[in-house]
Amino acid sequence: MSLLELDDVSVTYRIAAGEVPAVRGVSLTLDSGAALGVAGESGSGKSTLAMALLRLLPRDARVGGRILLDGEDLLTMKWGRLRAVRWAEASIVFQGAQHGLNPVRRIGDQVAEPLLVHGQAKPDAARKRVHELLEQVGLPTWRARSYPHELSGGQRQRVMIAMALACSPRLIIADEPTTALDVMVQAQVLTLIKELVAEQNISLIMISHDLSVLADVCDQLAVMYAGRVVEHGPSGDVFHEARHPYSRALAAAFPTVGDPASRMAPKGLGGDPPDPMNLPGGCSFHPRCPVALDECATLDVDLWPAGERRSAACVHVRAKEEAS
Amino acid sequence: MTAPLEAAEPAAAQAAGPGDERSAGRGVLRYALSKAGGALFSIAMVLVGTFFVFRLLPGDPVRNLAQGRAMTPGQLDLERRRLGLDKPLFDQFVDFVGDTLRLDLGTSYEYKRPVLDLIGERIGPTLLLTGTGLVIAVSLGIWQGTRAGWRQGSRFDRFSTGTSLLLWSVPTFWLGLLLMMVFGVGIGPIPGILPFRGIESVDAPDGFAYILDVASHMVLPCLTLVAVVYAQYLLVMRSSLVEEVSQDYVTVARAKGLRDDEVRRRHAVPNALLPTVTLVFMRIGFVVGGAVTVETIYTWPGLGKLFYEAINVPDFTLMQGTFLLITVAVIVMNTLADVVYHILDPRVRSA
Amino acid sequence: QDPAAGKKIVRIGATQAMDSMNPFLAVRLVSTSIHRWMYGYLTVPDSKTLQPSADLAESWKTSEDGLTWTFTIRTAKWSDGKPITADDAAWTFNKMMTDEAAKTANGPAVENFESVTASGQELTIKLKSPQASMLENPVPIMPKHVWESVTDMANYDAEKYPAVSSGPYIAIEHKKDQYVKLQANPNYWRGAPKINELQVIFYDNPQAAVAGLKKGDIDLLGRMTPQEFEAIQNDPKIEAWNTQGRRASYLQINHGATTTDDKPTGDGHPALKDPKVRMAVHTAIDKQKLVDEVQNGLAKAADGSIVPPLYKEFFWEATGDKKVTYDVAKANKILDDAGYKKGADGVRTMPDGKRKLEFRFTIHTETPIEDKLAEYLTAFLKEIGITLTTVKLDSSKFTDETGVTGNFDIAISGWSVNPDPEEIMATHLCSRRPAANGEGGGTESFYCDDTFEQLYKDQQKELDRPKRVELLKQMQERLYTDAPVIAIYYTNDLEGYRKDRITSITPIPEDKGLLYGGSGYWPFYTVDAKVTAASGGGAGGGSNTGLIAGIVGAVVVVGVGAFFLTRRRKSVADERE
Amino acid sequence: MTSVAAARRRLALSRFWTDFRHHRAGLIGLVVLVAAVLLALVAPLFISENVTSVVAGVGKKWAPPSLSEPFGTDESGRSILLMVWWGSRTSLLVGFLAALLSIVIGLVVGVAAGHFRGWLGGALMRVTDWFLVLPSLVTALVLAAILGGSTFTIIMAIGITTWPSTARLIRAQTLSVEARPYIERSKALGGGHWHITTRHVLPNVAPLLLASTTLEVASAIVTESTLAFLGASSSKTSWGTMLRASYDFGAPTQGAWWYILIPGLAILAVVMAFTLVGRALEAVLNPRLRRNA
Amino acid sequence: MTETHAGGTPPASPPKGVEEIHAGGTPPANPPKGVEEAIPPAGRGKRASHALLEARDLHVEFSSRGRRARAVDGVNLAIGEGEIVALVGESGCGKTTLARTLLGLERPTSGEVRYGGAALDYGSKALKAYRRQVQLVLQDPMGSLNPRHTVYEAVAEGPRIHGLADENEVVATALSRAGLRPPDRFFLRYPHELSGGQRQRVVIAGALALDPKVLIADEPVASLDASVRGEILALLLKLRAELGLSALVVTHDLGLAWNIADRVAVMYLGRIVESGPVDQVLTAPRHPYTQALMSVLPESPERIVLTGEPPDPTRIPGGCRFHARCHVLASGKAAEAGVDGRCRSERLEILPAVPEAQAACHYAETVS
Ligand SMILES: Nc1ncnc2c1ncn2[C@@H]1O[C@H](COP(=O)(O)OP(=O)(O)OP(=O)(O)O)[C@@H](O)[C@H]1O
Ligand SMILES: Nc1ncnc2c1ncn2[C@@H]1O[C@H](COP(=O)(O)OP(=O)(O)OP(=O)(O)O)[C@@H](O)[C@H]1O
Ligand SMILES: [Mg+2]
Ligand SMILES: [Mg+2]
Ligand code: NI
């Protein structure tokens with residue numbers, strides 16, 4: 001049985017200017033121990049989706065659909081139960097690690113907090129566990145007494161990961177854990193995540209706009225565009241031979257160093273990202289799509305099987321599959 | 001009254017190693033010393049400023065002091081010599097600084113007594129009034145500000161923001177007059193039930209009853225002071241909390257499974273308190289201004305009233321003395337607030 | 001337990017606080033009043049005639065040349081039981097003559113003293129020059145045995161209780177800015193007062209004082225403004241006391257200010273040097289209207305000079321031709337005749353055509369009544385082609401410009417007159433003008449008139465009272481006709497006391513006299529009051545203590561309740577995202 | 001390209017207005033404010049200084065509000081309504097001028113202290129800090145007492161005691177503006193001190209300044225009335241002097257509540273209006289706050 | 001020569017020959033004024049003729065909290081006419097500082113910046129004139145645009161400062177060159193009404209409005225979405241082709257260097273540790289630091305994760321500045337080659353500004 005199942009999840013923000021459909025009907029499943037990568041450009045709804053998983057969205061957001069964790073619907077769950085689920089079963093590493101830590105409390109206390117809150121340890125044991133966790137993420141134990149500002153960005157991100165691991169959850173959601181980090185540090189953090197997932201049989205949802213990073217860490221990839229998943233499949237396949245033109249453009253944006261094809265030929269996607277409040281009709285990607293057909297302007301394509309364990313939302317895919 | 005709020009800017013600091021604890025401690029000390037230096041400089045400026053401003057007084061200072069009473073030339077001379085006005089300006093300045101440093105603030109012409117004594121007598125009631133007022137205002141303001149900021153946009157929030165804006169716009173003295181009219185004098189059929197003059201009844205009873213007596217005298221002045229002052233604290237606390245609530249670590253705390261009130265109590269409020277507490281101290285000058293008005297209206301025998309009397313007589317030595325004292329107290333409070341903030345906030349502590 | 005229970009207590013409100021308990025230093029009215037109730041003087045004004053009568057001095061005589069005065073001091077006791085002797089009085093005067101600091105309050109009173117000696121109960125004062133007002137000496141006699149040890153008079157606050165005194169009351173407590181408590185002096189030579197305690201309660205805020213009187217926090221309040229008086233006038237529990245006052249309000253005209261060396265000083269308008277202009281100004285002022293509008297009718301228009309009608313003996317009033325009556329046409333005519341032509345704008349110019357008749361009117365800041373007065377005067381003078389603009393100065397600047405530098409045209413002035421008018425007359429002497437270096441002063445008009453000087457000297461020496469009174473009246477007449485000052489009205493003494501508390505009180509003078517505003521202790525010596533009931537009938541906060549305690553309790557209960565309520569609510573409904 | 005500039009300005013204004021309209025409280029404040037200012041401006045067309053005169057055209061004394069005298073009369077029978085109307089001129093004038101003085105000093109010092117780092121900025125900051133800690137009301141009282149209480153002095157006293165907070169604010173804003181990359185870009189384009197302060201810093205500081213000016217006017221009006229009440233001002237009829245007079249002439253004991261209430265409410269209304277507008281402006285113009293709104 | 005990629009969308013594969021043409025240093029179509037008069041100093045003939053903008057032995061120090069931070073610690077770097085040089089390195093190694101110093105926004109502690117063969121004059125007039133020739137593009141396009149200025153004003157700012165005539169014309173041209181066409185459609189827009197890519201184009205247009213010779217771009221695409229990056233990079237290439245613009249692109253992304261640069265310089269702790277033509281350096285990195293940088297690219301087979309604290313410019317280690325984190329030294333390969341002692345103690349020379357591939361590494365020197 002899959003650990004997490006998203007069924008037609010949608011999120012709409014209601015703001016003064018109107019409604020913002022940030023996530024529009026996302027269905028995904030995640031097996032336990034598996035790693036799912038969610039890619040997409042800025043504003044495509046990745047973070048919103050992640051926050052929706054633990055019902056952490058602000059009050060002006062309306063969530064629809066079902067989010068099943070072990071068969072339990074998180075969206076209708078009692079508050080007490082939800083609090084118990086939060087962190088103990090699913091924890092989250094946020095986008096900017098800088099701000100995810102309380103600036104005026106010591107690292108150790110913050111890492112220990114979920115342990116104490118969920119009654120998983122007495123203060124003494126918690127302190128030991130904190131040291132363990134810090135070592136696990138490669139930080140010296142005396143760092144427990146430091147304040148967040150005394151750490152570098154990479155170290156802070158590691159603290160966040162240690163914190164996420166504290167209650168030995170079965171699912172970790174990592175929202176852009178490496179953006180804004182230096183290349184070298186980024187590599188360190190990614191290696192760490194990869195190791196942890198492999199060793200501890202933790203399921204992972206990792207969000208990034210860097211497809212190459214996701215392809216490296218995750219088994220499965222989902223590419224989002226304008227609040228929808230437009231392509232889903234095993235990471236290697238999606239990265240190297242994407243079926244949706246958007247995924248293709250995204251993948252091409254990361255050149256392979258040494259590949260003469262990309263030398264002096266940067267590739268990108270023309271046009272502007274969609275305005276979520278004013279989405280184009282039909283396939284929302286069609287104004288930027290290099291291979292758009294006339295019907296794209298009116299036809300809203302759903303995910304369509306696109307090969308083994310793969311799906312993509314594009315008329316071309318559909319045409320091809322139907323042809324075969 | 002409506003200085004826009006300035007949040008403290010956290011200083012980014014990079015530090016490494018466990019040895020930082022100690023160096024942080026030294027950092028605080030160094031900071032405190034440098035702040036104390038700054039405060040001394042400010043106090044020096046106040047001294048210089050006071051000296052020259054009070055020398056700007058039109059006319060002959062001795063006659064100013066005499067306030068038009070006829071004085072024999074002998075008395076005038078005596079007075080002049082006593083005030084050292086026969087010396088050159090620079091010597092006068094040196095004397096003035098020396099005297100002030102020796103806490104000799106001169107003799108009040110009106111009361112014929114050393115200004116310092118007068119201040120000593122009045123400082124107690126003022127501390128009692130402003131202290132109580134401040135404690136109430138701060139706790140009320142912070143409590144209400146917390147509730148309002150936590151549930152931003154709720155009815156409670158709109159209500160308290162509205163009230164505090166209203167109170168913010170009310171001139172202290174007017175509010176005092178109204179309260180006095182309604183609760184002290186009584187209006188129409190409502191009898192005035194609260195005393196509105198002084199700190200105690202003339203035939204004050206002893207023991208616990210005395211405390212009650214003083215407390216009852218304090219109700220109206222305190223209410224006035226609190227009403228005007230607490231609005232600020234509420235607004236500061238509210239906006240500071242709103243600022244904190246939008247921070248990611250609050251979301252993280254929720255994600256950790258903390259209860260709503262735990263998130264507030266453990267994370268948001270302590271962090272929001274830091275700038276608020278500093279501002280509380282920074283606004284001491286404002287409270288002092290309020291005290292002058294309130295004490296005047298309710299005949300509260302404090303420093304504010306003394307100052308008001310000095311202004312109205314005018315008794316320039318007394319005015320100068322009280323002004324010096326109030327200013328220095330405010331400077332010291334500000335400096336303390338700065339240093340305390342530095343001790344409390346780890347972000348700036350090691351910087 | 002209410003400590004006031006069973007006692008006769010009278011509480012007097014004062015809108016000033018004590019400046020000092022040391023009579024050598026105290027100058028505020030409230031302080032001198034309290035000192036009058038505490039200490040004996042050589043003489044006091046008689047309660048009926050206001051003429052000097054025996055106090056500590058039982059009797060007195062003077063030498064032929066009027067230079068030596070011998071007082072016999074009454075055999076009585078200080079409140080601590082020590083006998084009062086002439087030595088006490090001699091010490092008091094000698095202290096003032098030798099210690100500059102001790103001169104602060106009453107320096108001028110000993111200015112003319114050559115020497116003061118004592119033997120037993122005999123006090124001998126030798127004067128430098130004869131002085132008819134010798135019996136009006138304002139110096140309280142202090143107990144030598146207590147005060148001898150004071151070395152630094154300037155800094156002595158005399159806050160020792162119970163104070164050793166010889167008057168009807170003994171100060172037993174003084175809370176700065178709050179109150180002074182005075183106890184009846186059982187050793188007082190006239191016998192102890194009828195009440196047990198006299199309390200003076202200080203209000204900063206006159207409104208609060210009036211409210212206190214209405215509420216019953218105080219029993220008597222003096223020195224009210226017309227508006228305050230109106231507020232209590234119709235209160236059934238309050239006796240509104242409206243009698244002639246001690247005060248004369250007048251305009252000071254800069255008729256050519258000079259210094260003691262007769263050099264002109266200041267920038268006064270030259271037109272005012274002309275007595276005709278002064279007369280015209282005088283004629284153009286509708287004093288009755290001022291009384292009605294500015295003083296709400298609670299004053300008497302002045303047809304005399306600077307001594308108010310309260311002092312019947314000295315009061316002088318113009319009659320017949322001399323009397324200046326309000327007459328705009330006449331005022332205009334005076335000016336027309338004198339060559340002050342009206343310009344096109346209706347404003348007159350000097351006969352030489354150079355300067356317009358535009359005068360400044362100098363008043364104090366923060367005195368609303370003067371503001372009002374200024375408006376009326378401006379309107380009056382406009383009728384006769386004179387422009388008046390108001391200049392407001394704070395008190396120290398005011399004194400400087402109207403008393404020393406002479407930088408004014410017309411200024412407001414006023415004086416509370418003592419039973420003996422010598423001092424107020426003296427403020428118009430040549431010698432009171434400032435010296436060339438700007439020192440000294442104390443003139444009320446920059447007046448320097450030979451006739452006036454001579455009259456003053458004469459009255460000083462004149463020990464025959466009726467003759468002296470005549471001389472003083474002549475001086476007033478001189479001031480009236482020469483018009484260096486123009487009296488506008490004599491304000492009434494406005495007081496109020498609670499009928500339900502004070503059962504009897506005798507004013508001074510006994511016929512329509514003053515209470516708090518009067519000189520001497522008479523009213524407060526004679527005052528009688530109801531006994532304070534054990535429950536504390538209506539006085540002060542003590543009575544409210546129970547009520548307050550109740551309120552405080554209720555507030556606490558409500559607070560705690562609210563706290564728990566919100567707690568409960570919180571634990572139920574803390575859930576949110 | 002004046003047309004472009006004009007179009008831009010129009011655009012900015014309309015954008016601002018759209019934003020501002022969302023703040024109902026601010027809008028109400030603006031209406032009150034505009035009404036108050038207009039009334040004060042047109043006052044001389046209908047009434048004259050005579051309404052404050054005790055000689056000319058006075059009615060019954062202490063008349064309670066009635067149809068003919070909607071706000072009653074004072075101790076001299078003057079109409080409270082007309083006095084409040086006329087007094088608004090002084091109150092608003094003092095408020096505006098004091099705020100202007102304070103803002104001008106604050107702006108110059110703040111921008112200079114923020115723009116020029118080094119000793120000049122440091123010295124300016126020290127002076128500002130020093131002024132900042134002075135208890136403003138107390139200092140203003142002393143200044144007014146020493147220099148005399150003319151309208152001019154009151155304006156000076158308020159201006160001198162309130163500029164430092166403006167300077168701090170402006171400096172903080174200047175610093176934050178100067179830390180933005182577009183300043184770097186502007187420097188790289190060859191812009192000098194003048195260009196950067198006038199083209200980038202000032203326009204960015206201006207909205208904040210506008211908001212803070214409105215708040216400053218509010219506080220100046222309150223301070224003026226407080227000074228007047230405490231007897232440090234001898235200026236012409238203003239709301240503060242009216243309240244002082246109501247107190248002097250015993251309105252509380254006369255039971256003339258209207259005499260106390262009306263000028264006080266006038267102060268309250270105008271100050272509140274200024275405060276609301278100021279806060280709305282702040283919310284609209286200061287993105288930092290907007291984020292929270 | 002520019003026909004092929006003037007069309008807007010980049011061609012699928014690079015036209016052969018582009019590289020040769022530009023790397024070879026064809027004389028630009030319109031040489032900057034004064035370049036010809038400036039006589040290159042003797043002894044550096046080749047280098048000087050190649051270099052349009054040059055850093056010579058540049059040092060920049062800051063004092064932060066009582067310590068001296070040597071942010072740039074001896075850099076020789078030359079940018080030839082029409083050449084695109086990429087400067088890569090990890091965070092805090094001094095890239096931005098170097099870029100700012102080249103623009104004259106920071107004064108070097110020692111060494112000099114030379115433009116067109118003459119040392120940079122820091123007089124305000126001369127600096128202003130210099131800034132017409134060399135322009136800056138920053139990482140964060142939102143931040144580099146004043147939110148209160150319209151696109152028109154943002155672009156017109158430079159021309160206004162320099163008092164150029166025909167402002168409207170200049171702005172329109174610059175915008176269309178930057179790919180915002182038709183330009184007048186954008187005139188009245190505010191930055192927040194533009195997408196990230198458009199904003200960066202506006203910034204570039206602002207620089208182009210002054211008709212510069214050199215563009216210094218500090219992480220020009222780091223804050224942009226992956227899909228937009230290619231567009232901006234293509235624009236840089238196009239501008240080079242059309243206008244002969246030289247560029248220094250500061251980046252931490254080796255893929256970007258591979259995408260557009262002719263030459264790459266790898267910087268570590270204030271110094272350039274390796275430099276040379278992109279295809280040489282990135283296909284066969286010689287310096288261990290470059291190797292480590294390459295290894296963290298997702299595609300690379302084996303990952304070398306550097307240990308140790310990130311470099312701190314206030315504490316530059318002796319010997320080779322990289323030795324504390326060097327995996328070659330740590331793994332013992334350096335010892336094998338017998339250079340470990342030198343690595344630890346012997347300072348390396350500052351690399352000269354030559355176009356050829358070179359690396360400042362004792363090990364690389366001995367091995368090759
Ligand atoms: N609190 C909010 N209120 C209104 N709209 C919001 C809110 N948070 C996000 N949005 C909108 O929802 C959409 C999706 O935002 P989201 O943060 O999920 O994007 P993202 O994919 O995480 O982008 P990024 O890569 O920049 O993090 C965006 O258009 C954003 O403007
Ligand atoms: N104004 C300054 N004052 C003090 N130190 C500075 C200053 N500017 C830069 N530094 C320091 O100089 C070093 C180099 O900074 P620089 O910004 O040039 O690095 P960078 O390579 O651009 O890094 P990034 O990739 O993070 O932008 C850093 O350690 C930085 O802390
Ligand atoms: Mg996101
Ligand atoms: Mg950088
Ligand atoms: Ni080309």
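Below, chain A is the first sequence line, B the second, and so on; all start at residue 1.
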**Q.** Criterion side chain to side chain contact (heavy atoms under 4.5 Å, CB included) on W87(A) and V252(B), from CA distance to verdict
**A.** CA-CA 10 Å; W87(A) 222 260; V252(B) 172; 4.3 Å; yes

Q: Sort out for me which of N102(A), V117(A), V85(A) touches chain B most, counting heavy-atom pairs under 4.5 Å.
A: N102(A)

(Q) Quick one: does any side-chain atom of K256(B) pair with a main-chain N or O of R83(A) as donor and acceptor, under 3.5 Å? (A) no

Q) Where is the tightest heavy-atom contact between A255(B) and L56(A), given as atom of each residue plus distance? A) CB-CD1, 3.3 Å

Q) OG1/T251(B) to CG/L54(A) distance, rounded to the nearest 0.5 angstrom? A) 11.5 Å

Q | 4.5 Å side-chain heavy-atom contact, H267(B) and R105(A) | A | yes

Q. Is F159(B) atom CZ crowded by more than 12 heavy atoms from other residues, nucleotides or ligands, each under 6.0 Å away?
A. no

**Q.** Spacing of CG belonging to D109(A) relative to CZ belonging to R266(B), to within rounding of 0.5 Å
**A.** 10.0 Å

**Q.** Short side-chain to backbone donor-acceptor contact, R86(A) and R254(B), under 3.5 Å
**A.** yes

**Q.** Region of V104(A) that comes under 4.5 Å of a non-hydrogen atom in chain B
**A.** both

